[in-house]
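Here's the structure, in structure tokens; my notes come after.
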2 protein chains.
Amino acid sequence: MGRGVTVPDANCDPSLSALERIPRSTLRDQVAERLRAAILGGDIPPGAPLVEIALSERFDVSRGPLREALRQLIEEGLVVTVPYTGTYVAPLSVEDVREIYSLRTALETFAFELIWDRRDRQFRSELVRRNAALIATIDAGDDRASIDTELAFHGLVYEMTGHRLLQRTWHGLRGRLQLYWAAHHRAHGRRGPRRDSHDSYIAAALGDDLAVMRAEIVEHMRRGTETTERFLRSRPPVLGKSKRGDIT
Amino acid sequence: MGRGVTVPDANCDPSLSALERIPRSTLRDQVAERLRAAILGGDIPPGAPLVEIALSERFDVSRGPLREALRQLIEEGLVVTVPYTGTYVAPLSVEDVREIYSLRTALETFAFELIWDRRDRQFRSELVRRNAALIATIDAGDDRASIDTELAFHGLVYEMTGHRLLQRTWHGLRGRLQLYWAAHHRAHGRRGPRRDSHDSYIAAALGDDLAVMRAEIVEHMRRGTETTERFLRSRPPVLGKSKRGDIT
DNA sequence: AAATCGTTGATTGTTGACAATGCACCATCC
DNA sequence: GGATGGTGCATTGTCAACAATCAACGATTT
């Protein structure tokens with residue numbers, strides 16, 4: 001069952017269809033994708049207002065598909081909205097950071113429990129491969145890519161489980177994580193993970209003791225929380241919605 | 001700004017605002033609520049097609065708000081859609097059942113770990129109170145209410161954590177659970193949980209040993225999985241999309 | 001008879017215009 | 001001067017019509 005190891009990830013999420021689907025991409029999905037990229041890429045900072053008509057002109061679509069794309073991003077936690085008032089990129093908060101990492105600890109622990117007895121040769125080599133890719137991007141100084149490869153590294157565990165609901169939950173967290181990391185990167189420049197940040201993680205993941213892995217995950221997330229939280233406190237965003245059209 | 005003062009209307013979900021918000025409910029939210037109720041209540045069975053124009057006439061709204069409501073239910077996992085083809089109530093599958101309960105095991109365990117040291121008198125009494133409410137609905141033979149009180153019972157744990165992201169995740173699972181339980185109820189009639197089904201659960205929750213609680217959760221979910229799965233197998237849904245306008 | 005291909009009806013995707021709402025500013029009043 | 005109430009404008013919510021797409025049906029061909 002060589003599942004989910006070498007997934008080039010062509011289409012989106014055909015939540016159940018086993019048949020091959022070649023869905024003509026709808027404008028809604030295209031807009032959602034581009035807008036997501038714009039937010040995660042930092043083009044639109046957290047707290048910034050998202051005016052529908054402005055975005056519809058920017059993406060050259062009508063407000064209909066745009067609004068549906070916004071709904072999608074809202075559910076992903078990247079966007080918040082207040083009825084009849086406005087839509088904004090989700091603001092950053094230390095509370096969110098703690099929640100993201102604590103929940104991620106629970107999920108990743110659960111994921112490892114699921115796959116612990118199924119870690120085959122393919123999984124181990126792929127884990128090492130992705131770590132190498134991560135190190136490569138770090139050495140290259142490409143922060144954007146570093147974020148992606150970092151997430152892809154941890155994503156392997158979720159893919160291995162074959163647990164669609166778990167993967168779905170992970171994707172929800174992943175978007176939020178990207179939001180924080182992108183902001184961190186934008187504020188401090190070169191400040192990604194260290195080259196050896198996954199050494200003990202990999203050692204535990206390839207080892208025999210599940211308890212060690214659990215402890216490693218806890219420690220890994222503790223460090224992540226600390227780093228991200230410190231960044232947030234260092235740069236008081238004060239992203240409260242003040243005037244109508246500010247950018248924070 | 002003395003506008004909209006006479007709106008006693010209870011608000012929806014102010015996902016973050018600490019300020020008092022009295023948002024006039026939008027059609028989108030109203031439709032989403034009614035459609036959700038229709039699906040969970042069994043008026044529209046799993047696998048049934050959701051034709052936009054028919055629903056828009058049924059709820060007396062345009063297709064715009066209806067589509068946005070559909071997007072919302074899609075993200076909740078109650079509805080699936082195939083571009084340019086059709087939208088359907090999410091079909092049932094044994095795989096989903098396993099995933100729902102296994103993920104729920106992880107989440108509820110995590111929740112108890114969070115609140116374990118904070119279980120005050122209020123929490124304990126509220127837990128007992130909700131169990132009493134559950135038993136009352138069971139004795140009354142009200143299956144619909146039984147589902148709600150059952151979910152409210154477990155929901156207390158998530159509420160206690162104050163972990164918004166965890167609660168959000170729980171809500172995502174809760175909708176799917178309701179879908180299965182509603183179908184179960186519709187197929188077999190009076191077949192809710194037993195009166196004493198939470199006795200050991202409460203005992204463990206009020207006790208001192210977290211390990212006991214963990215084991216209790218695992219066992220509780222194991223029973224839930226077994227029951228739901230057996231129901232699904234007993235009634236082969238065969239919810240494959242066959243013809244264009246079938247109801248499965 | 002079996003397979004292929006065009007046709008047809010239904011459904012979703014998209015658009016632009018109109019209505020409802022809320023915030024900010026400014027004049028007014030105490 | 002500070003608070004209060006009115007007004008304008010930007011923005012979101014909603015609607016009805018149009019275009020694109022798909023699946024099923026039937027005619028046609030081999």
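Being a predicted model, the structure only gives us computed values, none of them experimental. Chain letters run A, B, ... following the sequence lines, proteins first and then strands; every chain starts at 1.
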*Does OP1 or OP2 of D:dA23 have a side-chain N or O of B:T85 closer than 4.0 Å?*
yes
*When you check the side-chain N and O atoms of A:E108 and A:Y158, is any donor under 3.5 Å from an acceptor?*
yes
*Counting any heavy atom closer than 4.0 Å, what does B:L50 reach on the DNA or RNA strands: base, sugar-phosphate only, or nothing?*
sugar-phosphate
*Does B:R67 put a side-chain nitrogen or oxygen below 4.0 Å from OP1 or OP2 of C:dG13?*
yes
*asked:* Output the rounded distance in Å from CG (B:L27) to P (D:dG13).
replied: 11 Å
*Check each residue of residues 52-60 of chain A for a non-hydrogen atom within less than 4.0 Å of any atom in DNA chain C, then write out the ones that pass by number, or none.*
none
*Any side-chain donor paired with an acceptor under 3.5 Å for A:Q167 and A:H171?*
no
*With heavy atoms under 4.0 Å as the rule, sort A:G64 into base, sugar-phosphate or nothing.*
base
_Residue A:T26, side-chain atoms from C-beta onward, closest of C:dT14, D:dG13, D:dC15_ = C:dT14
*State, without any angle test, whether A:D29 and A:T26 hold a side-chain donor-acceptor pair at a distance under 3.5 Å.*
yes
*Could you tell me the separation between the CG atom of A:L66 and the P atom of C:dT15, rounded to a whole number of Å?*
10 Å
*asked:* If you compare every side-chain N and O of B:R63 against the phosphate oxygens of D:dC15 (OP1, OP2), does one of them come in below 4.0 Å?
replied: no
*asked:* Could you tell me how far apart B:Y84 (OH) and C:dT12 (P) are, to the nearest whole angstrom?
replied: 13 Å
_Non-hydrogen side-chain atoms of A:Y180 and A:L232 separated by less than 4.5 Å_ = yes
*Is a salt bridge present between A:E68 and A:R71, judged by a nitrogen-to-oxygen distance below 4.0 Å?*
no
*So, A:S102 versus B:H163: side-chain donor-acceptor pair below 3.5 Å or not?*
yes
*To the nearest Å, how far apart are A:R71 CZ and D:dT12 P?*
10 Å
*Looking for any heavy atom pair under 4.0 Å, which part of the strands does A:P65 touch: base, sugar-phosphate only, or nothing?*
base
*asked:* Assess, by modelled atom type and distance only, whether the side chains of B:T149 and B:T137 contain a donor and an acceptor separated by less than 3.5 Å.
replied: yes
*Given D:dG13, is OP1 or OP2 found less than 4.0 Å from the side-chain N or O atoms of B:R28?*
yes
*To the nearest angstrom, how far is B:L70 atom CG from C:dG13 atom C1'?*
13 Å
*How long is the line joining CD of B:E68 and P of D:dT12, in whole Å?*
12 Å
